[in-house]
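What follows is a set of notes on a single structure, which appears directly below.
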Protein chains: 2
Amino acid sequence: MELNEFVKKGHELYLRHISIDCVIVGFHDEQLKVLLLKWKENGQWCLPGGFVRKDDSLDVAATRILRERTGLQDLYLQQFHTFGDPARERNKEQFLWPRTMPPGSWMHDRFISVGYYALVEFSQVTPQPDLLTDECHWCDIHDVPDLIYDHNAILDKALETLRMRLNDYPVGLNLLPARFTMPELQRLYETILDTPLDRRNFQKKMLAFGILERLTERKTGGAHKAPYLYRFDRKKYEKALKQGLKFGF
Amino acid sequence: MELNEFVKKGHELYLRHISIDCVIVGFHDEQLKVLLLKWKENGQWCLPGGFVRKDDSLDVAATRILRERTGLQDLYLQQFHTFGDPARERNKEQFLWPRTMPPGSWMHDRFISVGYYALVEFSQVTPQPDLLTDECHWCDIHDVPDLIYDHNAILDKALETLRMRLNDYPVGLNLLPARFTMPELQRLYETILDTPLDRRNFQKKMLAFGILERLTERKTGGAHKAPYLYRFDRKKYEKALKQGLKFGF
DNA sequence: TATCATTGTGTTACGACTACACAATTAACC
DNA sequence: GGTTAATTGTGTAGTCGTAACACAATGATA
């Protein structure tokens, strides 16, 4: 769709007042990363987002938005909060281009935004900007700049939710590649929790859940002793999820 | 506001496409109760709900709705999920009265509904119906009838969320009267978790958090040994909340 | 005054988590 | 080729928290 058509006909295609913002989280270089977009005109950064087509559910809309930005079909997607403060789009005018989106355009409406976060495998993603942006990059969560509207608050809430969920959801399957080492898994948890963990106890705890399978193969190429590779045992993973896990971090 | 005015002018006053549904939870007779409303015309039951005024935040709107139904100013209120399946209002027409809300009325729009749950002290509530309903009652959560739209699903999700939160939030302060006995507190937890707990271990665990204060007074009138009364120590309660609790049920 | 359901309390056993050390491996360096 | 440095793999002892459990005291009721 063209930008002009989008601005002109958006209000016919999408539900008014409702938007979706996505916090797309990846893990790389021992750090959590989020996908950010750079606004075309003023260079400000924002979270990937979009709108809800008149016949789409929220989940479907979020899935579409994520697919457009990442190229991924299947990803772990969780709605986490809906943001509806009338002041959340403070200084909105400064982000809308008068020629393209003149006052009176549906883009000037007040929006309630449904927040989703997605956990993705970093290497599988090919970031793609949308109609309103010309760059799409991963950004270390410690280096996130000022974002438009209340997007910093949305990001914070997403990460807070992710940390809470860490106790009952094994994020490794979604954030790590199919085969990974125990130290990699540990770094992931240490990064999210922002605290160091004991190697041996971590391994014992993880293996105790019985959702990991150790392969005979080891990961070579590193500068030190080659660690074993692991992968998630899908069946046991699903089963354990249904029964409810208690990580207790 | 009159019903007619509400139907005629609602779309000017409220954000379109957006509603709020509330799961108001109380505790009485050793059971969890929810507040339900009975539709005027067809006698169907539903959750209390409402709409968002153009200048109100979601939280403010939810607070207003809850105040109108319960008479309470301050209550514990949590947004828990937003429901946006286009099929969620299946058979909607059957709940709208053609004479009052003719086709074309804003009430026929598709609505995205933001779900809130509230924990209230049962005895403080004076249930009040709204414009569209003529009854407002507490209902035991085990006896909830078929509700309109997807309200049963909304209720289930709220209770699921409540159960999850039980591990990091002490619900007693909101659901019990100011002064209560340890057995009463235990019944509350047993009811929510739907599992029996050991008296002694429960007491030890609760007291270990240091957020309860035992009064010298005992509760008399029961047919047996008079149990001590307790109350929450507000300061320690707030402090513990900020630090994060781990109940571990 | 006896009864009965319920409350208040402490100890022990078990299991989970924490802290901790040494041998093996691998690439890199000389 | 031998040495070095960083990292991985593994087990045990101590501590803490949790779970299981029994008996004396109370207070209304009969």
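Numbered from 1 within each chain, the chains take letters A, B, ... in sequence-line order.
- First and last contacting nucleotides of DNA chain C toward chain A (any atom under 4.0 angstrom from a heavy atom, 5' to 3' order): C:dT18 to C:dA27.
- The interatomic distance linking B:R199 (CZ) with D:dA22 (P) rounds to 12 Å, in whole Å.
- Side chains of A:Y149 and A:D21: a donor-acceptor N/O pair is absent below 3.5 angstrom, by distance only.
- In this structure, A:R218 atom CZ and D:dT10 atom C1' are separated by 12 Å, rounded to whole Å.
- Across D:dT10, D:dT8, D:dA22, the shortest atom-to-atom separation from the side chain of A:K225 is found for D:dT8.
- Base engagement by A:A223 is indicated by at least one non-hydrogen atom pair under 4.0 Å involving a base atom.
- Residue side chain A:K246 does not reach the base of D:dT18 through any donor-acceptor N/O pair under 3.5 Å, judged by distance alone.
- Inter-residue side-chain proximity for B:F27 and B:L119 is flagged as unmet; no heavy-atom pair is nearer than 4.5 Å.
- More than 12 heavy-atom neighbours from other residues, nucleotides or ligands sit within 6.0 angstrom of CG on A:D143.
- Put simply, CG on B:L207 is 16 Å from C1' on D:dG17, counting in whole angstrom units.
- Among the protein residues, A:K205 comes within range of no part of the nucleic acid, since none of its heavy atoms lies under 4.0 Å from any strand.
- Checked against D:dT7, D:dA22, D:dC21, the side chain of A:H224 finds its nearest nucleotide in D:dT7.
- More than 12 non-hydrogen atoms from other residues, nucleotides or ligands lie less than 6.0 angstrom from CZ of B:R218.
- Nucleotide D:dA20 holds its C1' atom 8 Å from the CZ atom of B:R200, rounded to whole Å.
- Atoms CG (A:D198) and P (D:dT7) sit 16 Å apart, rounded to a whole Å.
- The aromatic rings of A:F247 and A:F249 lie parallel to each other, with less than 30° between the two planes, well short of the 60° mark.
- Among the protein residues, B:R214 comes within range of the sugar-phosphate backbone only, with heavy atoms under 4.0 Å from sugar or phosphate atoms but none that close to a base.
- Atom NZ of A:K204 is separated from atom P of D:dG11 by 10 Å (rounded to the nearest Å).
- Taken from CD1 in A:I24 to CG in A:L77, the straight-line distance is 9.0 Å, to the nearest 0.5 Å.
- Per the geometry, CG belonging to B:L197 stands 13 Å off C1' belonging to D:dT18, to the nearest Å.
- Annotation: of the two residues near DNA chain D, B:A226 and A:M182, the 5′-most nearest-nucleotide partner is A:M182.
- Looking at heavy-atom distances under 4.0 Å, A:G222 makes contact with sugar-phosphate atoms alone, never a base.
- The existence of a salt bridge linking B:E238 and B:K242 is excluded, since no basic side-chain nitrogen approaches an acidic carboxylate oxygen closer than 4.0 Å.
- Here D:dT8 presents its P atom at 14 Å from OH of A:Y228, a figure rounded to the nearest Å.
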